[in-house]
2 protein chains.
Amino acid sequence: MTSLSAQSAGSKPRPTMRHVAELAGVGIKTVSRVINGEPNVTPETTQRVLDAARALDYQPDLHAGNLRRSDRRTRTLGLLVGSVDNPFSGAVHRAVEDAAAERGVAVFASSLDDDPEREREAVAAFLRRRVDGLILTVASADQAYLEPELQRGTPVVFVDREPSGIETDAVVSDNAGGAARAAEHLLAQGHRRIAYLGDLHSIQTARERRRGFLDALDRAGVPIDESLVVEDLHDQGAACAALLRLLDGSNPPTAVFSAQNLITIGALHALRERGRHRDTALVGFDDIELADLLEPGVTVIAQHPDDLGRIAAERVFERLDGDRSASQRIVVGTTLIMRGSGEISPGR
Amino acid sequence: MTSLSAQSAGSKPRPTMRHVAELAGVGIKTVSRVINGEPNVTPETTQRVLDAARALDYQPDLHAGNLRRSDRRTRTLGLLVGSVDNPFSGAVHRAVEDAAAERGVAVFASSLDDDPEREREAVAAFLRRRVDGLILTVASADQAYLEPELQRGTPVVFVDREPSGIETDAVVSDNAGGAARAAEHLLAQGHRRIAYLGDLHSIQTARERRRGFLDALDRAGVPIDESLVVEDLHDQGAACAALLRLLDGSNPPTAVFSAQNLITIGALHALRERGRHRDTALVGFDDIELADLLEPGVTVIAQHPDDLGRIAAERVFERLDGDRSASQRIVVGTTLIMRGSGEISPGR
DNA sequence: TGCCCCGTTGACAACGATGTCAAATCTAGT
DNA sequence: ACTAGATTTGACATCGTTGTCAACGGGGCA
């Protein structure tokens, strides 16, 4: 007969160590020992416990254990990226996940959307869940609010963008260097009127890329036409519209540097729309899928998001393993991939 | 002077409600009331507690609370997708995240890589962390192992692929219908020799797409040339190689249906490599970025991963809110997007 | 003035697990 | 056969929080 005092919604209660212990006829601590592979349990006892655990489909409660355990590790990481459906973020995420999974660590992922408020909320959500470490892409102007958490020993590693107002590890692309490389490449083709299409000025990497680009023009002694430097483009549509405006102007650029993947896609649309894709050079920052199949292929300064993610995760685990050395700023290089669009000369 | 009995690594201890209570000069239960916004606390007491919490940078421990709380909700979801760096998965993930964030729920994301073992490990990792619900894309042949968890009342919703060996909610694309639509579209252009490039036969959606495709040919009375039906292609390289082989054969296809996004990209490479992209028709299953900028544009059967993710998340939350109705199988339609490649006729 | 009631507060047990420690059992050595 | 020492086992406190419940104090009413 089934018990009359069943659960409310017909759902069986979740088994605990106590249930397993009862069924196996041992003490609860012995179950704990078996589940955690601690020594000094006879093979027969071990087997009885394992059988009981299997019979009840017992799953240990990591958080209850963590509450009492001395290391206080939840084996959980918090990851904040631009957006989980952006390919760049996806690659970072995947690299972090791989490094984490290897160590039995699960990853909370959140999307930032370049919103400082989402940043704060995501971090708070991570901390309430007692993640062992944080890997963050940030949008706020100042991350000093993380200082107390850092003092408590929680590893915090910044990825993609550098921290401000706080001293901690960071893994970033060589944004200025990559942008300069793009500018130099276009200058080498003979271009002098190069448009710059950039992301929100509030984003640290966007400022870096702009700086690298402008510095390179400066070094080459090319005067800067302010009307060709457009910032605060945050999606394909805005980028497309901005470039259309430049192309339709009286003195259009002969080359374009688009400083982010979505902006590059918007620029590609604008060039096609005006039929200028074969005579206007284009170099994009960040690689894009299918760039090699377009005609012309899209020349890009490729970042290495997988390296960013992997290295950031490794920093976190090194810190968790006791590394107390000074915080590092690790710069990952970029790679110029020539596919055609960046090798168009201004002659026409 | 600083205390001599400081922390080992110079890290301050994490404050608990007890510390806040002490600093505010109140009982610990009063702190709990304030933090959780429970009624019956005077404004002055509330203020003192909030000040103390702020001063200590107190963050409540969600898991400790959950242990005692009656609802036993961790406000956490487990999401298993193909791979977090696949654009389709990214869109599903983003939709789930948005629905979850709205409710203060955090999301664990894991990549499946179509590996049954990873599936089991990811699910176990989720359950040890006591997620409130599971949204799963699966690779195993049978998910009966989830039955006990389902009995305990944990909502489990399958996304993208249907469950097997278990009765629960599922949100899937109309795979057979979409594949049939692709076949019909190519047939309508006059094609009779249409190649099928499919994913691993072990994947349920791959079998569905193959079935839909073959059934459509059958209905049209077009004989099936087995040599044109290639399965078990799991990445760009394999797809590219397979299509090259077909193109180099004595009787190449006049049209190609590529049944998955990576396969479509591999097919595009193969067609370019042989210079056949303007005379061989191509329809891909699943939309791909930049498909509209290629020449010809890539005709696709677009899925709606954002809808899949959003609806799956909604199902989970409805179940959590007490919905005990029979499990549903929700089918999300696909959309044929004509961009040129699918409208090439066999004539040449 | 005295009583009741309600708003406010805190002591205490409990959630599911692990660390500590002592009790029980076994082994071996004399 | 007896004891020392090692091995196996479980009772109990505890982690940070919330649910229960009782105590306290003040206001309103008879």
Just how far, in rounded Å, is [atom2] of [N] from [atom1] of [X]?
X: A/D61; N: C/dG16; atom1: CG; atom2: C1'; result: 6 Å
X: A/M17; N: C/dG19; atom1: CE; atom2: C1'; result: 13 Å
X: B/K29; N: C/dA14; atom1: NZ; atom2: P; result: 16 Å
X: B/N36; N: C/dT9; atom1: CG; atom2: P; result: 16 Å
X: A/R14; N: C/dA17; atom1: CZ; atom2: P; result: 10 Å
X: B/E22; N: C/dG10; atom1: CD; atom2: C1'; result: 15 Å
X: B/E38; N: C/dT8; atom1: CD; atom2: P; result: 13 Å
X: A/R68; N: C/dA14; atom1: CZ; atom2: P; result: 17 Å

When you compare the side chains of [X] and [Y], does any donor N or O come within less than 3.5 Å of an acceptor on the partner?
X: B/D142; Y: B/S164; answer: no
X: A/D132; Y: A/T74; answer: yes
X: A/T76; Y: A/R130; answer: no

Check every strand shown and say whether [X] touches a base, only sugar-phosphate, or nothing at a heavy-atom separation below 4.0 Å.
X: A/R18; value: nothing
X: B/I28; value: base
X: B/N66; value: nothing
X: A/P60; value: sugar-phosphate

Strictly below 4.0 Å: does [X] bring a side-chain N or O up to OP1 or OP2 of [N]?
X: B/T30; N: C/dT8; value: no
X: A/S70; N: C/dT20; value: no
X: B/N40; N: C/dT9; value: no
X: B/T42; N: C/dT8; value: no

Task: Closest heavy-atom pair and its distance - B/A122, B/S110 - done: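 In terms of heavy atoms, the two residues are closest at CB-CB, 4.1 Å.
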
TODO: Taking all heavy atoms of A/R310 and all of A/A95, pick out the closest pair and write down the distance.
DONE: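 What the structure gives for the nearest pair is N-CB, 3.5 Å.
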
- [ ] Please tell me which of B/P43 and A/G65 maps to the more 5' nucleotide of DNA chain C, matching each residue to the nucleotide holding its nearest heavy atom.
- [x]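 Of the two residues, B/P43 wins.
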
- [ ] With DNA chain C as reference, determine whether B/V31 or B/R69 sits nearer its 5' end, using the nearest nucleotide of each.
- [x]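 Looking at DNA chain C, the more 5' nearest nucleotide goes with B/V31.
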
TODO: Check every nucleotide of DNA chain D for an atom under 4.0 Å from a heavy-atom of chain B, then give the first and the last such nucleotide from 5' to 3'.
DONE: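 From 5' to 3', the first and last contacting nucleotides are D/dG16 to D/dT20.
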
Task: Reported CD-to-OG1 distance for the pair B/Q59 and B/T16, which is rounded to 0.5 angstrom - done: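 Output value for this atom pair is 13.5 Å.
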
TODO: Over 60° means perpendicular and under 30° means parallel, so classify the ring planes of A/H93 and B/H93, tilted if in between.
DONE: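 B/H93 vs A/H93 ring planes: tilted.
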
Open item on the list: Tell me if the side-chain of B/R33 makes a donor-acceptor pair with the base of C/dG10, cut-off 3.5 Å, by modelled atom types.
Closed with: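 Between C/dG10 and B/R33, which were checked side chain against base, a qualifying N/O pair under 3.5 Å is present.
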
Open item on the list: Name the residue from A/L77, A/V131, A/L79, A/I135 that meets the side chain to side chain contact (heavy atoms under 4.5 Å, CB included) definition with A/F126.
Closed with: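 For A/F126, the side chain to side chain contact (heavy atoms under 4.5 Å, CB included) test succeeds with only one of A/L77, A/V131, A/L79, A/I135, which is A/V131.
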
Task: Nearest-neighbour nucleotide for the B/R130 side chain, C/dC15, C/dG10, C/dA17 considered - done: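 In terms of side-chain proximity for B/R130, the closest of C/dC15, C/dG10, C/dA17 is C/dA17.
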
